[in-house]
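Letters go in sequence order (proteins before strands), and every chain restarts at 1.
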Protein chains: 2
Amino acid sequence: MSNETQTSTAGLGEAAVGADDELIRSGRDATATRRALVRAARRRFATDGYRATTVRQIASDVGVNVALINRYFVSKEGLFEACMLRTSDELETQAPSKSIKEVIERLIEHIVNAPDRDDPLQLLLLLRSSGDENADLIRRRTLEHFTRRLAAAAGWSPDDPDSEAILLRAQLAIATSLGVVMLRTSAAVQPVASASGDELTEPLRQVLRVLLAPA
Amino acid sequence: MSNETQTSTAGLGEAAVGADDELIRSGRDATATRRALVRAARRRFATDGYRATTVRQIASDVGVNVALINRYFVSKEGLFEACMLRTSDELETQAPSKSIKEVIERLIEHIVNAPDRDDPLQLLLLLRSSGDENADLIRRRTLEHFTRRLAAAAGWSPDDPDSEAILLRAQLAIATSLGVVMLRTSAAVQPVASASGDELTEPLRQVLRVLLAPA
DNA sequence: TCATCAAGTCAGCACGTGCTTACATCGAGG
DNA sequence: CCTCGATGTAAGCACGTGCTGACTTGATGA
């Protein structure tokens, strides 16, 4: 009936990593509903955009009352910020990259699978000026952070002015990735939307290598 | 004072190609205000998204009353459709392409300059599900039409099943283009947003050639 | 001069949105 | 058993939105 069978030792309502499911949230567990709200929100924001997403939708997805969003996240914008933070964390805590080619392969996998599973990349393609000043700032910061990470893997160094070109190329790689994810998810544009992963992998590999790993 | 000094021979309010300016629309010229509304609308839709742009904004940009939008285009969706049709026309009536490399160079120019001038590409990046069912359909059709045009220049033929891969690669090229335009315009993400055209041209050329003109 | 009709304006309705306040319900400790 | 705080709910306010109908303005022709 309830999922707090494992003793939630963390008395203060914080992280308290527990079960990852939120479908059977039948109880009064604040942290569980918080996480469920963030999950549902991220999915909505990614597919419908910031403005188009309504807090009532999100609450309905989770199955709780709308007022909880304001209770836990103060505002819609606060919820969005929580989504961004979670996404940023997920991208951060991935296994450290080895070679640039390996990074490319992993990026390809993200692009191909983003529509299916609950991929952090999805939220990044929330590029459009969302109408909200603060939300835009958060989004831009996350994106630029991600750029630097990818560029570093490709040989960019913050101190070396000669490597600025690498930074630019890394961002072009991100632009490409986001463009493909977008065409596959939001807009159901054929044939890319229904293309299999195998069909996409080779062209994407060529493009990303041209940008990031010029042999 | 007025711009209908040239005798508008077309009695019925249709096309009547006249001056292309709409800033000094001081008179009672229906077709001029229609065009002005479409222009302003397209810019707003492209930068703010469909849902986020309000008809009051558009009307205010042009300097007319909101009700005119409903008079001329029935609804906000009707205005959007008019924008899409105009964009489709502009893309259609471009000079016929010669070699694929030439097409690539022209596409690069579009990408680089899209943020500045009133480029038709801008509206295409209205990919996100706009919340409006019909608007989505129109957008998707335009995009797929554009894909086929580009693919044809790269050697794709509707009858040849072996050339389907070309269609997919063409769409990946479009995805890349849209991704870059988006990062440069909507999201002001550095460094791509402030990069000069010269810096962008070479990497873009490499990517597009890999996708469309594999030597 | 003045009737006529298209071009444009104005006030307002109906509805969806984010958010708030007051209330209900569950679980635990005295 | 009963109180009390935390979790969740219900009703509603204020506002922005798309759209509508009645009205005004200006050019044109008899």
Inset, instruction - Any chance you could lay out the side-chain contact (heavy atoms from CB on, under 4.5 Å) test for Asp29(B) and Thr33(B), step after step, and finish with the verdict? - result: CA-CA 6 Å; Asp29(B) 185 339; Thr33(B) 52; 5.8 Å; no
Inset, instruction - Taking only the side-chain nitrogens and oxygens of Asn65(A), find out if one of them lies under 4.0 Å from OP1 or OP2 of dT9(D). - result: no
Inset, instruction - Find the distance Lys76(A):NZ to dC19(C):C1' and express it as a whole number of Å. - result: 12 Å
Inset, instruction - Determine: side-chain N/O of Arg56(B) to OP1/OP2 of dC15(D), distance under 4.0 Å, yes or no. - result: no
Inset, instruction - Quickly work out the Leu79(A) CG to dT17(C) C1' distance and round it to whole Å. - result: 15 Å
Inset, instruction - Figure out the CG/C1' separation between Leu68(B) and dC10(C), and round it to whole Å. - result: 12 Å
Inset, instruction - Using a cut-off of strictly less than 4.0 Å, decide whether Arg51(B) has a side-chain nitrogen or oxygen near OP1 or OP2 of dT17(C). - result: yes
Inset, instruction - With the side chain counted from C-beta on, respond yes when Leu37(B) and Ile69(B) share a heavy-atom pair under 4.5 Å apart, and no when they do not. - result: yes
Inset, instruction - Kindly point out which of dG18(C), dT9(D), dC19(D) is positioned nearest to the side chain of Ser75(B)? - result: dC19(D)
Inset, instruction - Check every atom of dG21(D), dG18(D), dT9(D) against the side chain of Val55(B) and return the nucleotide holding the closest atom. - result: dG18(D)
Inset, instruction - Please report, rounded to the nearest Å, how far the P atom of dC19(D) is from the CD atom of Gln57(B). - result: 15 Å
Inset, instruction - Measure from CG on Asn70(B) to P on dT9(C) and round the result to the nearest Å. - result: 14 Å
Inset, instruction - Scan Tyr72(B) against the nucleic acid and name what it touches under 4.0 Å (heavy atoms): base, sugar-phosphate only, or nothing. - result: sugar-phosphate
Inset, instruction - Just call it for Ala67(B): base, sugar-phosphate, or nothing, with non-hydrogen atoms closer than 4.0 Å on any strand. - result: base
Legend entry - Arg71(B) CZ to dC10(C) P, straight-line distance once rounded to whole Å: 14 Å
Inset, instruction - Could you tell me the separation between the CD1 atom of Ile69(B) and the P atom of dT17(D), rounded to a whole number of Å? - result: 13 Å
Inset, instruction - Answer whether the closest heavy-atom distance between the side chains of Lys76(A) and Phe45(A) falls below 4.5 Å. - result: yes
Inset, instruction - Quick one: pull up SG in Cys83(A) and CZ in Arg39(A) and give me the separation to the nearest 0.5 Å. - result: 11.5 Å
Legend entry - Separation of atom CG in Leu37(B) from atom P in dA7(C), rounded to whole Å: 13 Å
Legend entry - dG8(C) OP1/OP2 closer than 4.0 Å to side-chain N/O of Thr33(B): yes
Inset, instruction - Determine whether Leu200(A) and Leu172(B) make a side-chain contact, defined as any pair of heavy atoms from C-beta on separated by less than 4.5 Å. - result: yes
